[in-house]
Asker: 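So that we are looking at the same thing, I have put the structure below in structure tokens.
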Amino acid sequence: MTYVPLPRALPQERGVDPRGIVEFLEAVSDAGIELHSFMLYRQGAVVAEAFWQPYSARRMHVQHSATKSWTATAVGLLVDDGRLQLDAKVVSFFPELCPPQISANLAAMTVEDLLTMRTGHQRGISGGAWRNLQSSWVEAFLHEPVDEPPGQSFIYSSASSFMLSAIVTRVSGQTMHALLQERVLGFLGMDKLEWDLAPGGFNSGGNGLSCTTEDSLKFGVLHLNKGQWQGRQLLSPQWIAAATRNQVEDVWMGEFDGKQYLPRNKDGASEVQREGYGYQWWMTRHGGYYASGVFGQYCMVLPDQETVLAFTCGLQLGERRLQAAIWEYLFPALGRAAADPQASRLQLDAAIEGLRLPMLQGLSESPEAEALQGRFAIEPNEDGVREISFDFSPGECVFSLVDHRGTHRLRVGLQQPLESITSLTGNYLHHQYQPPQTPVIAHGRWTPDGELRMDWRFVETAFGDHVRCRLEGGRLLFDRGVNTNAGSMQRPTLTGKRI
């Protein structure tokens with residue numbers, strides 16, 4: 001792809017009060033909300049953008065379930081072509097993978113039921129539940145019990161989005177990524193983009209898309225412009241109107257256990273009613289709609305305000321303060337004149353300058369490095385780790401870990417963070433994501449009592465690991481946690497002895 005940036009303008013040139021952006025940035029900072037990037041587009045131009053180091057503008061970021069809205073776009077292309085009908089039955093596309101006895105509810109399920117998450121299932125399958133499944137995901141879906149008639153109750157499921165991807169490939173003969181690239185993405189001047197593949201060569205559909213924040217923003221701008229891009233109609237306005245309209249009035253998110261969404265418990269105090277759901281788009285306040293990924297990946301379109309917002313984050317599950325800050329500070333700034341444009345612009349520049357996530361504090365050197373230098377055999381553990389080693393040199397440490405997948409290394413800067421490429425196992429802490437290789441920026445510091453602490457920031461993802469290494473009685477104790485996860489955020493302590 002050839003990257004073409006969106007136009008840029010000053011906030012006040014597009015009717016945005018810079019002071020509202022400053023107040024938003026101050027609010028998320030005061031609340032300790034972990035943002036990685038933020039971009040604001042209004043009336044034809046990007047008017048604000050911020051990246052918290054070590055995240056940066058041209059670096060990809062996993063979008064998680066914000067991917068689903070891109071999947072709907074591929075479906076829309078085939079609907080526009082007349083090659084796919086919304087009332088087509090799901091079982092008709094994969095008869096060879098259906099169960100011997102097809103229930104009446106499964107037989108009745110349509111493409112539109114997949115789009116609106118009203119498939120009749122009693123549970124919604126998370127991407128993390130299937131990510132390591134090597135057998136056919138299509139077959140797994142078709143064998144899932146369909147307990148209720150489709151088209152009635154909302155149950156959020158990445159499996160439904162995957163089936164849309166599989167249907168797109170069965171109809172078009174292309175992966176969803178290839179179809180979108182040919183028909184849409186190639187015209188948007190996008191940066192590098194990646195999309196995971198499931199067994200059978202289907203894009204994962206419900207998740208697995210990685211792109212830059214600006215490319216997420218462009219996707220929203222395409223929808224804001226009703227499918228038109230630089231005079232070319234890439235997607236019909238009729239499809240966009242249907243996809244981004246509230247199709248499901250009664251939307252409740254059931255309890256999430258890390259792998260599945262359970263049916264709504266009407267007595268559950270923790271359950272929250274959503275504004276509504278379209279075709280793989282969430283509805284939001286003020287007539288808007290948004291693509292949403294777990295841990296805070298957002299592309300929000302506000303048509304009445306001619307605005308698109310894009311975020312990447314590392315938020316805790318259930319974190320709602322980011323959206324509250326959007327409505328309290330950013331939204332009122334849209335269409336509001338600045339009291340003092342020059343002063344407000346300087347304040348905004350100062351607020352964005354030097355943004356970065358908190359860094360480890362402590363010592364860059366310690367006499368304990370000599371004791372920690374070398375290899376340690378790890379006692380049996382559920383993570384399958386067999387060996388850990390440390391190789392110190394001036395200003396850095398090469399950390400190595402051996403497990404059932406092989407030997408994994410990363411460079412840790414003891415003065416300034418260092419970037420390297422690693423295969424380090426992380427799926428238990430990373431929502432079951434386990435790429436063969438991924439960039440990591442690692443920083444280490446010593447405590448006064450000789451404990452080595454490390455931050456491993458996996459900068460194409462939402463995840464940052466926090467690591468503690470210490471010696472007690474000559475034995476290594478190794479602890480590893482993470483900033484956010486759908487499951488456990490802390491692994492059991494590993495213990496080892498010197499080899």
Side-chain angles (χ1 to χ4, degrees), residues 67-125 127 129-130 133-180 182-184 195 197-208 235-236 238-239 242-243 245 247-248 277-281:
T67 303
K68 292 176 169 65
S69 303
W70 298 59
T71 296
T73 301
V75 173
L77 290 172
L78 298 184
V79 171
D80 286 346
D81 292 345
R83 301 163 68 188
L84 181 62
Q85 287 72 46
L86 295 181
D87 61 359
K89 299 297 191 286
V90 173
V91 294
S92 69
F93 297 99
F94 300 98
E96 75 282 8
L97 296 176
C98 288
Q101 298 295 322
I102 299 175
S103 70
N105 288 341
L106 176 58
M109 190 191 302
T110 66
V111 170
E112 187 167 31
D113 294 329
L114 297 174
L115 284 165
T116 59
M117 300 287 187
R118 294 182 293 183
T119 56
H121 291 112
Q122 280 286 301
R123 66 174 189 136
I125 297 170
W130 277 8
L133 182 65
Q134 299 303 311
S135 57
S136 168
W137 292 10
V138 173
E139 187 171 17
F141 180 91
L142 293 172
H143 283 73
E144 186 77 11
V146 185
D147 300 291
E148 299 178 357
Q152 298 182 8
S153 299
F154 179 90
I155 185 76
Y156 187 73
S157 179
S158 288
S160 298
S161 306
F162 164 74
M163 285 301 293
L164 292 170
S165 173
I167 289 169
V168 165
T169 297
R170 179 56 61 98
V171 171
S172 70
Q174 299 174 277
T175 64
M176 193 162 54
H177 186 180
L179 176 67
L180 286 171
E182 177 186 307
R183 300 278 300 275
V184 176
W195 205 329
L197 288 174
F202 306 111
N203 288 123
S204 45
N207 45 62
L235 194 64
S236 76
Q238 293 82 9
W239 171 261
R245 181 173 70 238
Q247 300 279 356
V248 187
Y277 199 70
Y279 291 160
Q280 308 281 290
W281 286 92

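The chain is numbered in sequence order, starting from 1. As a basis for the values below, the full set of heavy atoms in this structure was taken, side chains included, without hydrogen atoms, waters or symmetry mates.
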Asker: Enter the distance from E182:CD to S172:OG here, rounded to the nearest 0.5 Å.
Answerer: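 So the gap between those two atoms works out to 9.0 Å.
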Asker: Between the side chains of R183 and D80, is the shortest nitrogen-to-carboxylate-oxygen separation below 4.0 Å, so that they form an ion pair?
Answerer: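 Salt bridge between D80 and R183, a charged N being under 4.0 Å from a carboxylate O: no.
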Asker: Test your reading of the model: is there a side-chain donor-acceptor pair from S136 to the backbone of V138, 3.5 Å cut-off?
Answerer: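 Such a contact is found between S136 side chain and V138 backbone.
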Asker: Looking only at side chains, do Q280 and S161 share a donor and an acceptor under 3.5 Å apart?
Answerer: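 Yes.
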Asker: State whether the side chain of T119 and the backbone N or O of L114 hold a donor-acceptor pair below 3.5 Å, judged by distance alone.
Answerer: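 No.
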Asker: Between T169 and Q174, is there a donor-acceptor pair closer than 3.5 Å when you use the side chain of the first and the backbone of the second?
Answerer: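 Such a contact is found between T169 side chain and Q174 backbone.
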Asker: For S158 and K68, which I'm curious about, is there any donor-acceptor pair between the side chains at under 3.5 Å?
Answerer: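 Checked: S158/K68 side chains pair up, N/O donor to acceptor below 3.5 Å.
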Asker: Nearest heavy-atom pair of S92 and P95: which atoms, and what distance?
Answerer: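 Closest heavy-atom pair between S92 and P95: O-CD, 3.6 Å.
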Asker: Could you go through M176 and T71, starting from their C-alpha distance and side-chain angles, then the distance that decides it, and tell me whether this counts as side chain to side chain contact (heavy atoms under 4.5 Å, CB included)?
Answerer: CA-CA 7 Å; M176 193 162 54; T71 296; 3.3 Å; yes
Asker: Before we go on, tell me: are the rings of H121 and F141 under 6.0 Å apart, centre to centre?
Answerer: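 Yes, the ring centres sit under 6.0 Å apart.
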Asker: Keeping the roles fixed (side chain from T175, backbone from F202), state whether a donor-acceptor pair exists under 3.5 Å.
Answerer: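 Checking the backbone N and O of F202 against the side chain of T175, no donor-acceptor pair under 3.5 Å is found.
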Asker: Could you pull out the closest heavy-atom pair between A140 and L133, with the gap in Å?
Answerer: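 Minimum heavy-atom contact is CB-CD2, 4.2 Å.
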Asker: Let me confirm one number: the CG-CE distance from L142 to M109, rounded to the nearest 0.5 Å.
Answerer: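 Here the interatomic distance stands at 8.0 Å.
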Asker: For the OG atom of S165 and the NE2 atom of H177, what is their distance to the nearest 0.5 Å?
Answerer: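 Spacing of OG (S165) from NE2 (H177) equals 11.5 Å.
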Asker: Which class fits the ring pair F154 and Y277: parallel under 30°, tilted 30 to 60°, perpendicular over 60°?
Answerer: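 Rings of F154 and Y277: perpendicular, as their planes differ by over 60°.
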Asker: Between atom CZ of R170 and atom CG of L84, what is the distance when rounded to the nearest 0.5 Å?
Answerer: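 The CZ atom of R170 sits 13.0 Å away from the CG atom of L84.
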Asker: Side chains of V79 and Q85: does their closest heavy-atom pair fall under 4.5 Å?
Answerer: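 With C-beta onward as the side chain, the pair stays apart.
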Asker: Identify the heavy atoms of A72 and W239 that sit nearest to each other, and give their distance.
Answerer: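 That closest heavy-atom pairing would be O-CZ2, 3.3 Å.
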Asker: Looking only at non-hydrogen atoms, find the nearest pair between L164 and L115 and report the distance.
Answerer: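 So the two residues come closest at CD1-CD2, 3.6 Å.
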Asker: Short question: side chain of N203, backbone of L197 - any donor-acceptor pair under 3.5 Å?
Answerer: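 No, because the side chain of N203 does not come within donor-acceptor range (under 3.5 Å) of the backbone of L197.
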Asker: Parallel, tilted or perpendicular: which describes the rings of W130 and W137, with under 30° parallel and over 60° perpendicular?
Answerer: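 W130 and W137: tilted rings.
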Asker: Which pair of non-hydrogen atoms, one from I155 and one from G124, has the smallest distance, and what is that distance?
Answerer: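 The pair with the smallest heavy-atom distance is CG1-N, 3.5 Å.
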Asker: Would a distance-only check, ignoring hydrogens and angles, find a side-chain to backbone donor-acceptor pair under 3.5 Å from Q247 to A242?
Answerer: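 Answer holds: yes.
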Asker: Check the pair I167 / V75 against side chain to side chain contact (heavy atoms under 4.5 Å, CB included), numbers first and verdict last.
Answerer: CA-CA 9 Å; I167 289 169; V75 173; over 6 Å; no
Asker: Determine, for R123 against E144, whether the closest basic-nitrogen to carboxylate-oxygen distance falls under 4.0 angstrom.
Answerer: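 Yes.
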Asker: With rounding to the nearest 0.5 Å, note down the distance linking CE in M163 to CZ in F94.
Answerer: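 Answer rounded to 0.5 Å: 5.5 Å.
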Asker: Between CG of D113 and NZ of K89, what distance do you get to the nearest 0.5 Å?
Answerer: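 Separation between the atoms: 8.5 Å.
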Asker: Please walk me through it: do L86 and Y279 pass side chain to side chain contact (heavy atoms under 4.5 Å, CB included)?
Answerer: CA-CA 11 Å; L86 295 181; Y279 291 160; 3.5 Å; yes
Asker: Which atoms form the tightest heavy-atom contact between L97 and E139, and what is the distance?
Answerer: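 Between these two residues, the closest heavy atoms are O-CG, 3.9 Å.
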